[in-house]
Amino acid sequence: MTTTAAPSTVRDRVTEVAAALIAARQEGYLRDSPKDVAALARLRRGAGKNAAEVPDLWDLVDISPLHAQAEGQRRLSETELVHAEEALHTTLTLWALHQQSRAARMHRATSRSWPTGLGASVRRLMPVGEIDEPVRKRLVRAGTAPDLTMLAQRLRDLVVLLRRADIPLDYALLAGQLYTFQWPDGPANVRREWGRSFHARRHTADHDTPRADTASPSDIDKDAP
């Protein structure tokens, strides 16, 4: 008997596009590819802004795969495409800020043994078994942002902290969450995901997982401001 996979949701497609775009840029950047180093410098300038404010980045935030229709996929509506573009723009610019001058992969897919969802990564900023209230409140403020623009600005502050500590984040997962955030009931659903991720981190011991997936033995300051 032949079985057919269920059609992917729009969120799934956004997640897949983000993973593909970031993986290619990340590996190029870590190889010190001039094209990718320059691309990240451009992307960083868009962190905390919406896509309409920085049209210079449209060629780097490639949503063309979302226009393609594979078997079982429908054409996306204009609203879905706009939400997807904003989610991808926000994700790629935040990742570029996070990856700046880091010799390790700051985008890392989450796993059971090493969760890298936003809540888990923020929790990793805190001492084991303790809650750092100022850091926790930053995560809460992000979750209560009234719109995506404000959320991007608050996430930018968290990303700066993660970058300083060399703590990676699953940016493909984040892209899907930012897509969901823009729909009715989306913010509440995303907050629940971040909360579950935050608590999941408690069950992962620091000595069981390295802090970063190091690509080279030293931290390269190739593009520091």
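All values below come from the heavy atoms of this structure, side chains included, with hydrogens, waters and symmetry mates left out.
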Would you say the side-chain atoms of Thr116 pair up with the backbone N or O of Arg108, donor to acceptor, closer than 3.5 Å? yes

Taking every non-hydrogen atom, the tightest pair across Ser101 and Tyr29: N-OH, 2.7 Å

Would you say Leu174 and Trp194 make side-chain contact, with heavy atoms under 4.5 Å? yes

Nearest non-hydrogen partners of Leu57 and Gly46, listed with the distance: CD1-CA, 3.9 Å

Judged by modelled atom types alone, do Thr180 and Arg11 share a side-chain donor-acceptor pair under 3.5 Å? yes

For the hydrophobic clusters of this structure (ILVMFWY residues joined by side-chain heavy atoms under 4.5 Å, transitively), does one cluster hold both Ile63 and Trp58? no

In Å and rounded to the nearest 0.5 Å, what is the CG to CG distance from Leu118 to Leu155? 6.0 Å

Candidate pair Arg191 and Val140, rule side chain to side chain contact (heavy atoms under 4.5 Å, CB included), full reasoning: CA-CA 8 Å; Arg191 282 195 296 271; Val140 171; over 6 Å; no

Quick test of your reading: applying side-chain hydrogen bond (donor to acceptor under 3.5 Å, both in side chains), list the pairs with at least one residue in residues 131-141, sequence neighbours left out, ordered by first then second residue. Glu133-Arg136

Just by modelled atom types, is the Ala39 backbone N or O under 3.5 Å from a matching donor or acceptor in the Arg25 side chain? no

Spell out, as yes or no, whether a donor-acceptor pair under 3.5 Å connects the side chain of Thr91 to the backbone of Ala87. yes

Give the cluster check for Leu125 versus Ile131: same hydrophobic cluster or not, with ILVMFWY residues linked at side-chain heavy-atom distances below 4.5 Å. yes

Between Arg44 and Leu97, the two heavy atoms sitting closest are CG-N, 3.6 Å

What's the verdict on side chain to side chain contact (heavy atoms under 4.5 Å, CB included) for Trp183 and Thr79, showing C-alpha distance, side-chain angles and the deciding distance? CA-CA 10 Å; Trp183 294 96; Thr79 300; 3.7 Å; yes

Is the backbone of Leu66 close enough, under 3.5 Å, to the side chain of Arg13 for a donor and an acceptor to pair up by distance? yes

Just by distance, do the side chain of Arg156 and the backbone of Leu94 share a donor-acceptor pair under 3.5 Å? no

According to a hydrophobic-cluster definition based on side-chain heavy atoms being under 4.5 Å apart (Ile, Leu, Val, Met, Phe, Trp, Tyr only), do Met126 and Leu161 belong together? yes

What are the two closest heavy atoms between Asp147 and Phe181, and how far apart are they? C-CE2, 3.7 Å

When rounded to the nearest 0.5 angstrom, what distance separates CH2 in Trp95 from CG in Leu21? 9.5 Å

Counting distance only, does the side-chain N/O of Gln182 pair as donor-acceptor with the main-chain N or O of Leu178 below 3.5 Å? yes

For the pair Gln100 and Arg163, evaluate side chain to side chain contact (heavy atoms under 4.5 Å, CB included) and give the outcome as yes or no after the intermediate values. CA-CA 8 Å; Gln100 179 187 6; Arg163 177 182 174 276; 3.8 Å; yes

I'd like to know if the side chain of Gln99 reaches the main chain of Leu40, judged simply by a donor and an acceptor atom lying under 3.5 Å from each other, with no hydrogens or angles considered. no

Of all heavy-atom pairs linking Val14 and Gly176, the shortest is CG1-N, 4.4 Å

Does Asn189 reach the main-chain N or O of Asp185 with its side chain, forming a donor-acceptor pair under 3.5 Å? yes

If you look only at pairs with a residue in residues 75-86, which of them pass as a salt bridge (Lys or Arg N to Asp or Glu O under 4.0 Å), with sequence neighbours excluded? Arg74-Glu80

Is the side chain of His98 donor-acceptor paired with the backbone N or O of Ile167 at a distance under 3.5 Å, no angle test? yes

Any idea which heavy atoms bring Ala152 and Thr90 closest together, and the distance? CB-CG2, 3.8 Å

Go through the steps for Thr144 and Arg154 under the test side chain to side chain contact (heavy atoms under 4.5 Å, CB included), then give the verdict. CA-CA 10 Å; Thr144 57; Arg154 293 176 182 179; 4.0 Å; yes

Going hydrophobic residue to hydrophobic residue with side-chain gaps under 4.5 angstrom, can you get from Val54 over to Val82? no

Any donor-acceptor pair under 3.5 Å linking the side chain of Gln177 with the backbone of Glu193? no

Asp166 with Arg102: basic N within carboxylate O range, under 4.0 Å: yes

Would a single hydrophobic cluster contain both Leu173 and Val159, if residues Ile, Leu, Val, Met, Phe, Trp and Tyr are joined by side-chain heavy-atom contacts under 4.5 Å? no

Does a donor on one side chain sit under 3.5 Å from an acceptor on the other, for Asp12 and Thr15? no

Roughly how far apart are His89 NE2 and Leu148 CG, rounded to 0.5 Å? 9.0 Å

Rounded distance (nearest 0.5 Å) linking atom OG1 of Thr93 with atom OH of Tyr171: 9.0 Å

